[in-house]
K.L.:
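First, the structure itself, so that you have it in front of you.
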Amino acid sequence: MLKLFIFVLILITLVVLSMFIDGVLELHKQEKEDKKNIIRDGMEGYLDKTFGFGNVTIFKLILDADGNTRYLVYLPKYEWFKSPQYEWYEVYATQNGFKHEAIKG
C-alpha cells in the first residue's frame, strides 16, 4: 500500500512539474513576442522597421563637419558553417526622418 501511495505521489509530482515547465516556457515565449511588439521611436525604430527587430548592430557614432549625427551599423548574413558576411550601412537623420546608404568596401 505504501509503495502504491509513493508511486501515485511521484506520478502526480511529475505531472505538476511538467505543467509548471510548460507554463514557464509559454510565458517566456509570450515575453519574447511582447518585446518584439514594442514600438520604438527614433533611430532604433527606423532600424527595426528597415532591417527587422534586432538584426543590425550599431558599430560607431560619427559626427560630420556640420555637427549632424550619423551611425555606422552592420547587418550580419549567416551561411551554413561559414563565418558571417557583414553588410555595412550609414544611417543619418533628415528632415523627413531617417535614411540609410550602403557602404561598399
K.L.:
Rounded to the nearest 0.5 Å, how far does CG of Leu14 lie from CG of Leu9?
P.N.:
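Reported to 0.5 Å precision, the distance equals 10.0 Å.
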
K.L.:
Could you give the side-chain donor-acceptor pairs of residues 49-57 under 3.5 Å, partners two or more places apart or in another chain?
P.N.:
| unit_1 | atom_1 | unit_2 | atom_2 | d |
| --- | --- | --- | --- | --- |
| Thr50 | OG1 | Tyr46 | O | 2.8 |
| Asn55 | ND2 | Phe51 | O | 2.8 |

K.L.:
For Glu90, which residues count as a side chain to side chain donor-acceptor pair (under 3.5 Å) partner, sequence neighbours excluded?
P.N.:
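If we apply the side chain to side chain donor-acceptor pair (under 3.5 Å) test to Glu90, skipping adjacent residues, the hits are Arg70.
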
K.L.:
Other than Leu27, which residues form its hydrophobic cluster under the rule that side-chain heavy atoms must be closer than 4.5 Å?
P.N.:
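Noted: Leu27 shares its cluster with no other residue.
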
K.L.:
Check the hydrophobic clustering (I, L, V, M, F, W, Y; side-chain heavy atoms under 4.5 Å; chains of links allowed) and say if Ile103 and Ile62 are grouped together.
P.N.:
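Looking at the clustering, Ile62 is in the same group as Ile103.
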
K.L.:
Other than Phe81, which residues form its hydrophobic cluster under the rule that side-chain heavy atoms must be closer than 4.5 Å?
P.N.:
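For the cluster that includes Phe81, the remaining residues are Trp80.
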
K.L.:
Mind jotting down which residue pairs meet the salt bridge (Lys or Arg N to Asp or Glu O under 4.0 Å) criterion with at least one end in residues 8-21? Sequence neighbours excluded, please.
P.N.:
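Pairs touching residues 8-21 that pass the test: none.
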
K.L.:
Same cluster or not: are Ile58 and Leu75 linked, directly or through other Ile, Leu, Val, Met, Phe, Trp or Tyr residues, by side-chain heavy atoms under 4.5 angstrom apart?
P.N.:
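Result: yes, single cluster for both.
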
K.L.:
Tyr74: what forms a ring pair (Phe, Tyr, Trp, His ring centres under 6.0 Å) with it, not counting sequence neighbours?
P.N.:
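With neighbours one apart ignored, the set is Tyr86, Trp88.
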
K.L.:
Please write out which residues are connected to Leu11 in a hydrophobic cluster, directly or through intermediates, given that two of Ile, Leu, Val, Met, Phe, Trp, Tyr count as joined at side-chain heavy-atom separations below 4.5 angstrom.
P.N.:
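Other cluster members: Phe7.
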
K.L.:
Between Met43 and Phe98, does a side chain to side chain contact (heavy atoms under 4.5 Å, CB included) hold up when you go through it step by step?
P.N.:
CA-CA 7 Å; Met43 199 255 320; Phe98 289 92; 3.9 Å; yes

K.L.:
Starting from the C-alpha separation in whole Å, work towards a yes-or-no answer on side chain to side chain contact (heavy atoms under 4.5 Å, CB included) for Leu47 and His100.
P.N.:
CA-CA 9 Å; Leu47 292 176; His100 70 279; over 6 Å; no

K.L.:
Transitively linked via ILVMFWY side-chain contacts under 4.5 Å: Val73 with Leu61?
P.N.:
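Yes, one cluster joins them.
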
K.L.:
Who pairs with Thr94 by side-chain contact (heavy atoms from CB on, under 4.5 Å), at least two apart in sequence or on another chain?
P.N.:
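Listed in chain order: Tyr92, Asn96, Lys99.
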
K.L.:
Among residues at least two apart in sequence or on other chains, which ones pass side-chain contact (heavy atoms from CB on, under 4.5 Å) with Leu63?
P.N.:
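side-chain contact (heavy atoms from CB on, under 4.5 Å) check on Leu63 returns Thr69.
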
K.L.:
Which side-chain hydrogen bond (donor to acceptor under 3.5 Å, both in side chains) pairs, counting each pair once, include a residue from residues 9-34, with sequence neighbours left out?
P.N.:
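Listed once each, the pairs are Gln30-Asp34.
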
K.L.:
Tell me, please, which residues at least two apart from Tyr89 pass side chain to side chain donor-acceptor pair (under 3.5 Å).
P.N.:
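Partners of Tyr89 under the side chain to side chain donor-acceptor pair (under 3.5 Å) test: Glu87.
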
K.L.:
In the hydrophobic clustering that connects Ile, Leu, Val, Met, Phe, Trp and Tyr at side-chain heavy-atom distances below 4.5 Å, which members other than Met19 occupy its cluster, ordered by chain and number?
P.N.:
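Joined to Met19, directly or through intermediates: Val15.
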
